[in-house]
> 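Okay, here's the structure, questions in a sec.
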Amino acid sequence: MIPSATYRIQFRNGMTFDRVVALIPYFRDLGISHLYASPVFTATTGSTHGYDITDPNEIDPAIGGRDGFNRMVAALRQAGMGLILDIVPNHMSTSLENRWWRDVIEHGKQSRYARYFDIDGSRPLTLPFLGDTFEAELEKGAIRLHRDSVTNKAALVYYDTAYPLNPGTWDENKSIAELHEAQSWRLMSWREAPKQLSWRRFFEITGLVGVRVEDEQVFHDTHRLILELVHDGTVDGLRIDHIDGLADPLGYLQRLRQATGPYCYITVEKILAKGEQLPADWPVSGTTGYEFIASLAEVLVDNNSLERLEKVHNETLGVTVDRQNALRDAKGLMTDRNFEGEFTTLLNLARDLAQHNGVEIQTDDIHHALRELLIAFPVYRTYGTAEGLTPSDVTLLSRVVASVNASEPALSLIVRILTGDLPERDREAATLFRTRFQQLTGPLMAKSVEDTLFFRHNLELALNEVGADPTPRAFSLSRFHQEMRIRLARQPDALLGTSTHDTKRGEDARARLYALTEAPEQWGENLARWRQMNQTHVRFLNDGTAPNAADTWMIYQALAGVWPATLSPDDRDGLQTLEARFLGFIEKALREAKQRTDWIDGNESYENVVMDYVRHLLSPGNTLFLHDFSETLQPFVRAGLMNSLSQTVIKLTAPGVPDIYQGSEALNFSLVDPDNRREPDFAALVQNLSTANSTVFNDEQCWRDGRVKQYVTATLLRLRPHYPALFRYGDWLPLKVTGEREEHLIVYARVKDDEALIVAVPRLVFTVTGNEKLWVNTSVAIPEELVGKRYRDVFSGESRVLQETLDLTSEKGCVLVLLTCE
């Protein structure tokens, strides 16, 4: 069953199954067909997100257990709603609460679970969970020999963690160091993980170990409960986390589809580069929708002014930023440092294959060629198998190789390995190289772009989003229309996401920040004035000014995005709440940039100065700045609210399944996680929906507190179940706009047989004040097949018959959605 709309709930942090039961009537009234649940399986004690699973075959007691889950499912069924589960096939927690992982530590290769995890069995199992080297921790008494309080067996205890000794290794005459050497595992500093790790991790997180779900037994043992819930009708759909981390995504999806049957709704978390499409042979409904966020930028960015914003940005920083080189630098850093171990594994495999085939190439040449190829790789991954690469992947690889400046023999060797052009005797080694290469390009891209470049270069923060293009380009309505038609053809049942638990900022913060592209000079003047107001809190450190021009550009723009639309500069409590959230973001932003501080080696003096600067900005005593900031931000606030409504209407009428991230039916000005995972005010949402009607459009407070957006969301979501064919299969027709405001509108129709939906929403509205001037002297050409039909305005309820031209001058609403009358 294809959902008509999903609602994402983040469990944990106080959200339980029984609390959701109480919210189900609200979800139903909003127009939701399926609850979309974050992982519900047992995770590490205190987990805030549920992706660190310790038992995939148990519903987590921390959020209500199986009984609570069953109560929630019963309530959903009674309300006529379905359930979609977020599942995590790629990894599990390395907490010793994970009994499979603990068994591998205790029994080594003899453990029945040794093959469950992606472990290099040729080396001891590395456990990089010490604060310092084993020797240093032992010397200061942090590692002791004790009996495990749970199993009563001998263990090496490091603070609260007891690592079980291998059977037969206990000897009272051995020192702790000798006992440690006798184990199948080695404790080491967390700093050694990038170099020495003997198992595949999730990205660079040593708290998560890769699972070999490509093994049939592992698949069944990790999916036993999942499949049970699908087969008994409890669960209607699955969202697959990090599909690109798997050794063989297609093979996994084929096995999953066979196991679930043809009717289970399946989507995958997959980042598509601009222009990239999901492999056509994947048996899924589509992605979770990050590429849709990137598509919306085509509508809401003022392409004609973007170059001017870049000029203001470069003048402010005093340098011209080359984002292509910056991307290369970020990928180089990740390759050389954060993923050094993964890179070394590939290098050793390639070197051994060269020697095995009598190819005389220097290791340095292979190193250089491999590094350059990884840095140049433009997408998350290819999808080769033991047989080699697919034809489309071979084409991609050829294009990338042509752009790489490296030794031809070394490049040729790597291409031969990737494409399977080696003797049969090397098939296993070549397959391992290909798999590891493909499992590295995705994390390398994600950490380089999303978690480094997007925190270093902040020209337009709205564009620094998961799935976005990391390098500058043009934006256009024509490209947006083209992408929607492709979406309709390729993945009409995929999710339409605008906010998730992983987005860098909430959809309404992005909507506001898009408006900066319309007024670059105004933004630059404001920024210069604000910096001058707070100049006395800038400090001069040994490594430079703090905050410097680049820091302040980021800080003020991020603050502009997160500033609540209802916040008064005199609201001390509101400022204090905002400060707490904003300081957490600033710390993460500085460390993710990996320039003057880092998660690995922090620069405390620099961080403290920048944090103090931010505290000063939001101090209630900084009245001159706060009043100036709030006042001059208002045109951006108003434009942002209009942008927000436009992207909401587009999302709810575009090809695909709208996904509402918790609370985003109203305004979401969140920052990067964990801020974006905060629980919304459900009591206010319930109350506002119960009293909502079309009068909200005329009340400015309703715009600012999210009631307009919530009303529009509910109105359009309630339509969808009544016109399933129109929303699912309806053609996408761009409509021609002419007149005074033609550049400030996007108009399109969805058409299926005798049903039609016409949508007109504003764009680039920064200079427009008041709805009465929104569409003056502007008209839309109506296609012949839509002329002469009677339509109903879904918000006002008025009906009209359309002729060849629709004059928008007299339209009173800020958005227009016309639906053919039955």
Side-chain angles (χ1 to χ4, degrees), residues 90-91 94 117-120 122-123 125-129 188-212 242-247 249 271 273 326-352 363-364 366-382 384 397 400 404 406 410 414 417-418 432-456 466 470 502 591-595 598-601:
N90 177 69
H91 53 266
T94 54
F117 303 104
D118 220 336
I119 300 171
D120 178 0
S122 68
R123 296 189 281 155
L125 182 69
T126 51
L127 302 175
F129 306 119
M188 61 175 56
S189 167
W190 63 270
R191 289 179 176 275
E192 293 299 307
K195 298 180 181 179
Q196 302 294 334
L197 207 61
S198 65
W199 40 272
R200 182 174 65 87
R201 54 192 171 156
F202 171 70
F203 284 26
E204 53 181 350
I205 302 173
T206 53
L208 299 171
V209 58
V211 174
R212 296 187 62 250
H242 189 44
I243 189 69
D244 277 347
L246 306 185
I271 308 299
L327 173 60
R328 176 182 171 80
D329 290 345
K331 295 187 80 171
L333 174 64
M334 292 296 103
T335 302
D336 298 339
R337 189 189 74 170
N338 295 50
F339 294 106
E340 180 184 355
E342 290 84 348
F343 179 87
T344 302
T345 296
L346 287 172
L347 178 62
N348 292 338
L349 283 168
R351 183 198 59 209
D352 293 347
T363 299
D364 285 350
I366 300 175
H367 182 287
H368 178 69
L370 180 59
R371 183 179 186 275
E372 290 298 307
L373 187 61
L374 286 166
I375 289 174
F377 223 74
V379 297
Y380 265 60
R381 66 168 286 173
T382 52
L397 180 61
V400 177
V404 169
I414 296 171
I417 299 172
L418 288 173
L432 180 59
F433 179 96
R434 187 178 308 117
T435 300
R436 291 290 180 261
F437 181 90
Q438 293 179 142
Q439 288 178 312
L440 175 56
T441 54
L444 181 61
M445 178 72 83
K447 297 305 293 185
S448 303
V449 176
E450 297 163 21
D451 293 340
T452 303
L453 184 68
F454 283 173
F455 289 96
R456 287 183 172 183
V466 180
D502 282 331
R591 293 179 180 180
E592 293 285 24
K594 305 173 186 69
Q595 291 180 309
D598 202 336
W599 294 108
I600 296 175
D601 292 303

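Residue indices begin at 1 and follow the sequence shown.
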> Apply salt bridge (Lys or Arg N to Asp or Glu O under 4.0 Å) to R200 and list each qualifying residue two or more places apart in sequence or on a separate chain.
D118

> Could you state the interatomic distance from CD1 (I243) to CD1 (I271), rounded to the nearest 0.5 Å?
12.5 Å

> Specify whether H91 and F202 have parallel, tilted or perpendicular ring planes, treating 30° as the upper limit for parallel and 60° as the lower limit for perpendicular.
tilted

> Take F343 and H367 through the test side-chain contact (heavy atoms from CB on, under 4.5 Å) and record every step on the way to the result.
CA-CA 9 Å; F343 179 87; H367 182 287; 3.3 Å; yes

> Are the side chains of M334 and M445 in contact, using a 4.5 Å heavy-atom criterion?
no

> Please check if the side chain of T452 supplies one atom and the backbone of A593 the other of a donor-acceptor pair under 3.5 Å.
no

> Hey, does R381 have a side-chain heavy atom less than 4.5 Å from the side chain of P249?
yes

> Test side-chain contact (heavy atoms from CB on, under 4.5 Å) on T126 and E192; report intermediate values, then the result.
CA-CA 10 Å; T126 51; E192 293 299 307; over 6 Å; no

> Quick one: does E204's side chain get under 4.5 Å of R337's, heavy atoms only?
no

> What I want to find out is whether D120 reaches R436 closely enough, with some N-O distance under 4.0 Å, to be called a salt bridge.
no

> Is there a side-chain contact between F454 and E592 in this structure, where contact means two heavy atoms from C-beta onward sitting under 4.5 Å apart?
no

> Might you point out which heavy atoms bring R123 and L197 nearest each other, and give the distance in Å?
NH2-O, 2.8 Å

> Evaluate the side-chain proximity of T94 to T206: yes if any heavy-atom separation is below 4.5 Å, no if none is.
no

> In the structure I gave you, are the side-chain heavy atoms of L373 and L418 within less than 4.5 Å of one another anywhere?
yes

> Quick test of your reading of the model: are D451 and K447 salt-bridged, counting only N-O distances below 4.0 Å?
yes

> If you take all heavy atoms of L208 and W199, which pair is closest and at what distance?
O-CZ3, 3.7 Å

> Is a side-chain N or O of T382 found less than 3.5 angstrom from the main chain of G384, in a donor-acceptor match?
no

> Taking all non-hydrogen atoms of both residues, which atom of A330 and which atom of S448 are closest, and how far apart?
CB-O, 3.6 Å

> With no hydrogens and no angle check, is any side-chain donor or acceptor of R212 less than 3.5 Å from a backbone partner on A247?
no

> Main chain of G207, side chain of R201: is a donor-acceptor contact present, judged purely on distance under 3.5 Å?
no

> Before accepting this row, confirm whether a basic side-chain N of the pair E372/K331 lies closer than 4.0 Å to the acidic partner's carboxylate O.
no

> Can you list everything that forms a salt bridge (Lys or Arg N to Asp or Glu O under 4.0 Å) with D364? Sequence neighbours excluded, please.
none

> Does the side chain of L374 come within less than 4.5 Å of F437's, by heavy atoms?
yes

> Apply side-chain contact (heavy atoms from CB on, under 4.5 Å) to the pair T344 and Q196, showing each step before the final yes or no.
CA-CA 10 Å; T344 302; Q196 302 294 334; over 6 Å; no

> Between N338 and P194, is there a side-chain heavy-atom distance shorter than 4.5 Å?
no

> Using side-chain contact (heavy atoms from CB on, under 4.5 Å), reason through T345 and F433 one step at a time and then give a plain yes or no.
CA-CA 8 Å; T345 296; F433 179 96; over 6 Å; no

